[in-house]
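In what follows, a structure is listed as structure tokens, so that the remarks can point back to it.
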Amino acid sequence: MKKVATYFAEALARRIFKVYPPQSPIDLSYSDVLQMHFYETCPYLKFAHFTANQAILEAFAGASRVHVIDFSMKQGMQWPPDNTDALQQVGWKLAQLAETIGIEFHYRGFVCESLAVLEPAMLEIRSSTTETVAVNSIFDLHRLLARPGEIEKVLETIKAVRPKIVTVVEQEGNHNVPVFLDRFNEALHYYSTMFDSLEGSRLTQSSSEDLVMTEAYLGRQICNVVACEGAERVERHETLTQWRARMESAGFDPVHLGSNAFKQASMLLAYFAGGDGYRVEENDGCLMLGWHTRPLIATSAWRLASR
């Protein structure tokens, strides 16, 4: 609790004195490094990839040509890059894997300032009779809520490429409420649980560097939620209930995550942390990962509405 209190105290001080964290390219690159340590230290990002990948794999059953649009590709978490040219390195690793298993593979990576600048033509989609499309978003969409109209624009772009499935993983928190005190209290409970999971997991013994960097990664989120306002406050996490309402109103229907995704997630926890403390639960076709009774992240899958 002491570590959490320290991060919240710093965030409050920044809010009072209006000293906000930098957002330079170097700082953003450092954030990616911190996220890599978060990936290694605890099962949350691994759970996100496992469950989303399983949903995409099942949607691709019987398809001869597939096209995956991954909004999180620059992170390269599933295929960690070896140098700063992350996108190129991820592409090389995927190409090597494709060659090993003997499948035709094409890769195109590009960086944009915001997902909201994406246009359907930029994604080079072929006809639905030629390829099956999936869109994958892990901890990306909540950042669009900082600017009016951006989330609606991105969801319209997704609809325009006619995906068979859209996978969305987001933090299960209510950190986008307008009243600061409500947001502060919700964030305090959320991140206290997150830090408890780090301390309670057996993996805290494996790498002190990973643990320290993971705490710094979460500390940056705390600072953004508490200290920043307006367009600078990008960590606008919302609950699964809110994302359901948004996706359905945008013209998507839910896809039930099958038993295979649940089994894989459970096996991950047993392998990764002995399963102690972490809990996977099914919520109306979606999967949540939490610590004891508190859900912390949620995976959902969507398809274009039939109506």
Side-chain angles (χ1 to χ4, degrees), residues 38 42-56 58-59 71-72 115 134-146 150-152 154-155 158-159 163 165-179 182-183 185-194 196-197 218 221 224-225 233-266 268-269 277-305:
F38 179 68
C42 48
Y44 299 107
L45 269 173
K46 286 185 171 67
F47 169 89
H49 288 301
F50 266 62
T51 51
N53 288 352
Q54 182 62 36
I56 292 171
E58 292 177 7
F71 291 159
S72 310
L115 292 176
V135 177
N136 183 44
S137 172
I138 296 178
F139 298 165
D140 296 304
L141 296 186
H142 68 264
R143 303 177 71 88
L144 298 169
L145 302 176
E150 288 200 348
I151 185 65
E152 292 80 7
V154 170
L155 293 180
I158 293 173
K159 288 169 63 178
I165 192 167
V166 180
T167 50
V168 176
V169 184
E170 286 290 341
Q171 290 89 342
E172 179 62 13
N174 192 16
H175 306 150
N176 195 28
V177 292
V179 179
D182 293 342
R183 189 168 76 241
N185 287 333
E186 172 67 19
L188 181 61
H189 287 103
Y190 180 91
Y191 285 103
S192 294
T193 305
M194 185 68 79
D196 283 346
S197 75
L218 296 174
Q221 290 185 12
N224 189 266
V225 171
R233 181 163 60 84
V234 296
E235 299 296 348
R236 293 175 177 257
H237 313 137
E238 293 191 346
T239 64
L240 177 59
T241 299
Q242 291 170 295
W243 283 110
R244 276 199 186 109
R246 180 175 291 111
M247 296 297 287
E248 289 174 356
S249 66
F252 294 90
D253 284 340
V255 175
H256 194 286
L257 294 172
S259 59
N260 286 336
F262 185 92
K263 290 175 182 176
Q264 287 210 13
S266 300
L268 166 69
L269 297 186
Y278 292 106
R279 296 289 182 271
V280 179
E281 66 179 62
E282 191 269 346
N283 184 312
D284 197 18
C286 304
L287 290 181
M288 292 177 155
L289 173 61
W291 179 251
H292 293 294
T293 60
R294 169 78 191 231
L296 294 171
I297 68 171
T299 302
S300 60
W302 304 86
R303 59 174 169 242
L304 296 180

Got [X] and [Y] here, is their nearest side-chain heavy-atom distance under 4.5 Å?
| X | Y | result |
| --- | --- | --- |
| Leu296 | Glu172 | no |
| Asp196 | Tyr191 | no |
| Phe262 | Leu257 | no |
| Leu240 | Met288 | yes |
| His189 | Met194 | no |
| Val166 | Ser137 | no |
| Asp253 | Glu248 | no |
| Phe50 | Pro43 | no |

Side chains of [X] and [Y], donor plus acceptor under 3.5 Å:
| X | Y | answer |
| --- | --- | --- |
| Asn283 | Arg244 | yes |
| Gln54 | Thr51 | no |
| Trp302 | Ser300 | yes |

Lys/Arg cation over aromatic Trp291: Arg294, 6.0 Å, 45° cone: no
Interatomic distance, [X] atom [atom1] to [Y] atom [atom2] [nearest 0.5 angstrom]:
| X | Y | atom1 | atom2 | answer |
| --- | --- | --- | --- | --- |
| Leu289 | Thr299 | CG | OG1 | 8.5 Å |
| Leu145 | His175 | CG | NE2 | 13.0 Å |
| Phe47 | Ile297 | CZ | CD1 | 5.5 Å |
| Arg236 | Arg143 | CZ | CZ | 11.5 Å |

Would you mind checking if Glu238 and Arg246 are paired as a salt bridge, meaning a charged N to carboxylate O distance below 4.0 Å? yes
Could you label the plane-to-plane angle of the His237 and Tyr190 rings as parallel, tilted or perpendicular, counting under 30° as parallel and over 60° as perpendicular? tilted
Side-chain donor/acceptor of [X] to backbone N/O of [Y], under 3.5 Å:
| X | Y | answer |
| --- | --- | --- |
| Gln221 | Leu218 | no |
| Glu170 | Leu141 | yes |
| Lys263 | Gly258 | no |
| Arg183 | Val225 | yes |
| Asn174 | Thr239 | no |
| Asp140 | Ile138 | yes |

